[in-house]
Each structure stands twice: as structure tokens, then as C-alpha cells.
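Every chain is numbered from 1 and lettered A, B, ... according to where its sequence line falls, protein lines coming before strand lines. Bear in mind that the values here come from a model prediction, so they are computed numbers and not experimental data.
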Protein chains: 2
Amino acid sequence: MGPKNLSEQLLHDIGLEIVQGNLSPGEILPKVETLSEMKGVSRTVVREALKGLTARRLVESSTRVGTVVREKNEWLWWDPDIISWASRSNDSRNFLLQLSEVRLAIEPAAVRLAARNATDEDILLIKKSYERLENSLGDEEEWARADFEFHDSILLASRNVLMISLVKTLHNGLVQSRQTTIKVLKKYQEKNNHGKTEDALLMHKAVMEAICSRDEALAYEKMLHLLLSVVQLIEDLEASK
Amino acid sequence: MGPKNLSEQLLHDIGLEIVQGNLSPGEILPKVETLSEMKGVSRTVVREALKGLTARRLVESSTRVGTVVREKNEWLWWDPDIISWASRSNDSRNFLLQLSEVRLAIEPAAVRLAARNATDEDILLIKKSYERLENSLGDEEEWARADFEFHDSILLASRNVLMISLVKTLHNGLVQSRQTTIKVLKKYQEKNNHGKTEDALLMHKAVMEAICSRDEALAYEKMLHLLLSVVQLIEDLEASK
DNA sequence: TTCGATTTGTCCGTATGTATT
DNA sequence: TAATACATACGGACAAATCGA
């Protein structure tokens with residue numbers, strides 16, 4: 001799944017350096033020809049990589065001046081690559097915190113939107129996804145897949161492509177962020193969770209029922225409740241580290 | 001503010017065509033050499049433009065196959081350019097609706113975050129911004145500027161770069177979307193609003209006070225109230241069209 | 001599996017535009 | 001004004017990957 005050509009590789013190289021802070025806002029990148037020599041690639045490749053950085057507004061190029069790193073608040077943070085790079089940075093802990101803050105704000109709202117906009121077919125799919133979740137109580141692997149499908153079916157029901165895109169990028173970032181920060185703790189989770197998965201199932205059920213009865217406020221509340229329990233779980237795990 | 005070089009021009013050309021639906025997902029773009037001839041630019045320029053499209057995940061290139069348009073749900077919608085292109089498309093009305101839905105979900109949450117995370121300096125800046133708003137009651141132009149500064153100062157107080165980036169892109173999209181759909185209605189607004197700006201000021205004050213007293217729930221509620229009044233205003237204007 | 005055709009990927013020599021000094 | 005330094009732009013050549021016969 002990594003970069004498939006030289007320009008994408010270089011894009012990731014430089015992008016990572018910028019987001020991680022090795023290259024600070026205001027700094028000027030080496031000129032194209034120099035970068036070409038440094039990295040052992042042609043100028044074409046360098047220029048294409050810079051276009052990728054420009055698209056994400058990490059840099060801005062102009063004649064004579066060169067290519068300068070833009071201010072952090074100008075970056076397009078809602079880009080899977082930038083999020084991926086940030087979650088591997090030194091203060092990835094702080095970044096994960098910010099991701100979680102946004103999650104608690106957005107996801108209940110997304111579920112509320114689903115309760116409002118869901119078509120009958122959407123409802124049917126959600127119910128089906130929940131049943132699969134129910135049937136996977138024992139199996140960790142199957143639960144993870146079913147859980148993903150469940151949340152995906154709800155998200156789809158929001159019928160709002162902006163919200164769908166937003167939450168998907170958010171989820172992606174959380175997974176990436178956890179892979180680098182927690183990682184090992186999953187084993188603890190496997191041990192301790194066998195008692196708790198039933199609670200989790202009940203919370204999922206509450207969300208499902210609220211959406212199906214098109215109760216926006218309740219759907220919001222139940223989703224928030226579910227997320228807070230996840231946060232609690234993570235905090236418990238870290239405390240017992 | 002437009003494209004500053006050939007590749008950016010071409011990028012906007014093709015990007016617009018894709019987002020507006022002239023080029024549908026699954027379709028294959030003409031090969032680089034053909035595009036080069038069609039648009040009267042070099043292959044270098046074409047290739048750089050394609051890199052911009054790739055970064056936004058509008059297309060995917062591979063050897064022999066060519067460059068194909070990706071599915072809509074794979075696009076990175078939270079990109080100012082994509083949003084700009086979408087707000088100029090045929091069903092821009094539907095897109096504006098989706099933007100508004102997301103706004104009602106996100107902005108109150110952003111304000112709630114501000115109530116939680118604001119530093120003392122942030123609070124001071126918010127109060128100052130509100131005073132400027134207060135002092136610009138008569139002047140339409142000055143009100144608009146002060147209003148922007150007010151919301152910006154709140155956003156900054158969220159102390160969450162992801163939330164800040166998100167809301168800024170959202171605002172940007174709303175402005176663009178309205179420029180193309182409403183546009184003329186601003187004159188009506190100017191006539192009718194003189195009575196209503198005092199109401200607006202009071203609602204802004206309520207938001208400000210809730211944040212300053214760090215009452216998260218109240219801040220959320222008051223911001224939602226303010227936004228709903230804006231929605232109401234727009235609906236009134238369109239009804240009287 | 002092999003082969004040929006097609007398209008992106010890569011390299012590089014050269015020329016032009018533009019803003020700074 | 002002129003020199004400089006950088007991005008921008010052009011196009012010919014070849015490599016690599018992939019599809020279809």
C-alpha cells in the first residue's frame with residue numbers, strides 16, 4: 001500500500017520531514033536541482049513531489065524565492081497522509097488527544113444526521129449489520145470486522161458525502177495513531193475484554209435502536225455514551241501499563 | 001488569487017470537469033500526450049496537473065491502464081478546491097445543504113471545545129473581539145469584519161489545530177457556495193437587517209459569556225441557537241424571492 | 001506463458017519568465 | 001539598468017509495468 005513511484009516516495013519523505021518539524025514554517029527547501037542530486041532522482045520527480053506538497057498546502061513555490069514551508073494553520077490537516085505523518089511525529093501523543101477531541105464532537109453528530117436522513121434501505125442495512133455484530137460475540141477478529149461494518153452502515157445513512165469523508169479520515173487517523181502509540185496494549189485488551197464485550201453490544205444496540213426509531217437526540221446521546229466508554233477503556237489500559 | 005502557473009490552471013480545468021460530473025468515476029482520461037496536444041501545453045505541465053488530482057484522490061494512474069477517475073466516496077472532499085468546484089456544479093443547491101448540515105453539527109462542537117480549552121489570553125481576545133462587534137452595530141462592512149474576527153478568536157481558543165482547519169475550510173466553502181447560489185439576495189439582507197442586528201448581537205453575547213464562564217453545554221446551545229437563526233434568515237430571504 | 005502494443009514513469013538538455021539585488 | 005538565481009516550461013529519449021492476443 002506504500003508509495004508506488006519515485007515522486008510519491010519523495011513526497012512522503014519531504015512531507016514527513018515537514019510535519020515532524022525537521023523543516024519549519026518559513027524555511028526554504030533546497031532548489032529543485034539540489035534536491036534532485038541529494039535524493040538521486042531527476043528534476044521531473046522532484047517537481048512532481050513538490051506538486052503533491054503544494055496540493056496539501058504544506059509549501060508554496062514562487063519564482064526566484066524558492067519553495068517555502070507554510071504556516072501550520074494553513075496546512076490541509078484533513079488529509080490522510082498529513083494525519084499519518086503527524087501521528088508518527090514526536091508529540092504524537094498530543095495529536096492523538098486532538099483527534100479524540102474531534103471524534104467526540106463529530107461522531108455523535110454524524111449519528112444524529114443518520115437518524116435524520118436514513119432511508120428505509122439504510123435502516124435495513126444497519127439492522128443487518130447489528131445482527132452480524134451480535135453473532136460475533138466470542139470471536140475477536142470477527143467482532144472487529146463486524147464493528148467496522150456496523151459503523152460504516154450508520155455513516156452511509158447520514159447521506160452526506162462531506163460527513164462520510166470526514167469521519168472516514170478521522171477513523172483512519174485514529175487507527176494510525178494508535179498503531180504507533182499503543183500497539184502492544186492490544187494483548188491486554190484481549191484478556192480483559194471478554195467480560196466487557198456484552199456491555200459493548202448493548203451500547204451498540206441502543207445506538208441502532210435510536211436511529212431506527214429516528215430519534216435524533218437519543219441517537220446522539222447513545223453514540224456519545226459508547227465513545228466515552230471506549231475512551232475510558234483506553235485510559236484504563238494506559239493506567240495499568 | 002487564481003492559478004499562478006500552467007499546471008495549476010490545467011489542474012483546475014480537469015478538477016472542475018471531474019467534480020461537476022463531465023468526467024464520471026471509472027472513466028479514463030486521455031493519455032498525457034493527447035492532453036498535452038488538446039490543451040496546448042507540454043507533457044510536463046500535464047503530468048504535474050495530474051499529480052495535483054492524484055493528491056486529492058480524484059484520479060489514480062497506472063501504467064498501460066491510464067489515469068482513471070476514482071469513486072466519489074474516495075475523493076478528499078475537505079479540500080478547498082474540491083469544495084469550490086462542487087459549489088459551482090449543477091446540484092450546488094444540494095451541496096450547500098450538505099455543507100449546512102455539517103456546519104450545524106460541527107460549529108457548536110467547536111465552540112464547546114473552546115469553552116473547555118481556552119486559556120486566559122484566549123478569553124481576553126474573545127471579549128475584545130466581542131466589544132468590537134458591539135461597536136460596529138450600524139456599519140454593515142465593519143460588522144462583517146468584526147463578526148469574522150469574533151468567530152476566529154473563538155475558533156483559536158479551541159486549541160485544536162484539526163478543529164480549526166476543519167471549520168475554516170467549512171466557512172470557506174459556505175462563502176463560495178453562497179456566492180454562486182444567493183449572491184443577489186445580499187441587497188435584501190441590507191434592507192431588512194437593521195432591525196435584526198441587535199438580536200444577532202445578543203446571541204453573540206450569549207455565546208461569548210458562556211465561553212468565558214467555561215460552561216460547555218451552554219456554549220454549545222447558544223452557538224446552535226445563533227446558527228439556527230442564520231439558517232432561518234436565509235430561508236426567509238429565499239422564500240421572499 | 002510469451003509477445004507485442006500501449007501508457008505511465010523517469011531522465012535530461014535547453015530555454016523562458018520573474019523577482020531580487 | 002543589468003546581473004543573478006530560482007521556478008517554470010518544453011520536448012526527445014528510454015525504462016517499466018500491464019493488458020490482451
Nearest whole angstrom, please: distance from the P of D/dT18 to the CD1 of B/I28. 15 Å
Nearest-Å distance, NZ (B/K51) to C1' (C/dT10)? 11 Å
With sugar-phosphate meaning primed atoms plus P, OP1 and OP2, does B/L6 contact a base, only sugar-phosphate, or nothing at under 4.0 Å between heavy atoms? sugar-phosphate
Measure from CD on B/E48 to P on D/dT8 and round the result to the nearest Å. 8 Å
Sorted by number, the residues of residues 53-62 of chain A with heavy-atom contact under 4.0 Å to DNA chain D: A/S61, A/S62
Return the value, rounded to whole Å, for the distance between atom CD of B/E37 and atom C1' of D/dG12. 14 Å
Quick check: any donor-acceptor pair below 3.5 Å linking the side-chain of A/T67 to the base of D/dC6? no
Other residues, nucleotides, ligands: >12 heavy atoms within 6.0 Å of B/E33 CD: no
Heavy-atom pair of closest approach, residues A/W77 and A/A86: CZ3-CB, 4.1 Å
Distance-only, no hydrogens or angles: does the B/S92 side chain make a donor-acceptor pair with backbone N or O of B/R88 under 3.5 Å? no
List the atom of B/L11, the atom of B/L53, and the distance in Å for their closest heavy-atom pair. CD1-CD2, 3.5 Å
Distance in Å, B/D13 CG paired with B/M38 CE, rounded so as to fall on 0.5 Å steps: 10.0 Å
Given DNA chain D, 5'-ward residue of the pair A/K31 and B/K4, judged by closest heavy atom: A/K31
If I take atom CG in residue B/L50 and atom P in nucleotide C/dT10, what distance separates them, rounded to the nearest angstrom? 14 Å
For the side chain of A/R43, starting at C-beta, report the closest nucleotide among C/dT14, D/dG11, C/dG17. C/dT14
From the candidates D/dA9, C/dT7, C/dT10, the one with an atom nearest any side-chain atom of A/V45 is C/dT10
Interatomic distance where CD belongs to A/E33 and P belongs to D/dA7 [whole Å]: 10 Å
Picking from D/dA7, C/dG9, D/dT8, which would you name as closest to the side chain of B/N5? D/dT8
Taking OP1 and OP2 of C/dT18, is either one under 4.0 Å from a side-chain nitrogen or oxygen of A/T63? no
Can you confirm whether or not the ring centre of B/F150 sits under 6.0 Å from the ring centre of B/H204? yes
So what does A/V65 hit on the nucleic acid, given a heavy-atom distance under 4.0 Å: a base, only sugar-phosphate, or nothing? nothing
Got more than 12 heavy atoms from elsewhere within 6.0 Å of CD, A/E27? yes
Is a donor-acceptor pair below 3.5 Å formed from side chain B/R64 to base C/dA5, judging by atom type as modelled? yes
Look at the side-chain N and O atoms of A/R47 and state whether any lies under 4.0 Å from the OP1 or OP2 oxygen of D/dT8. yes
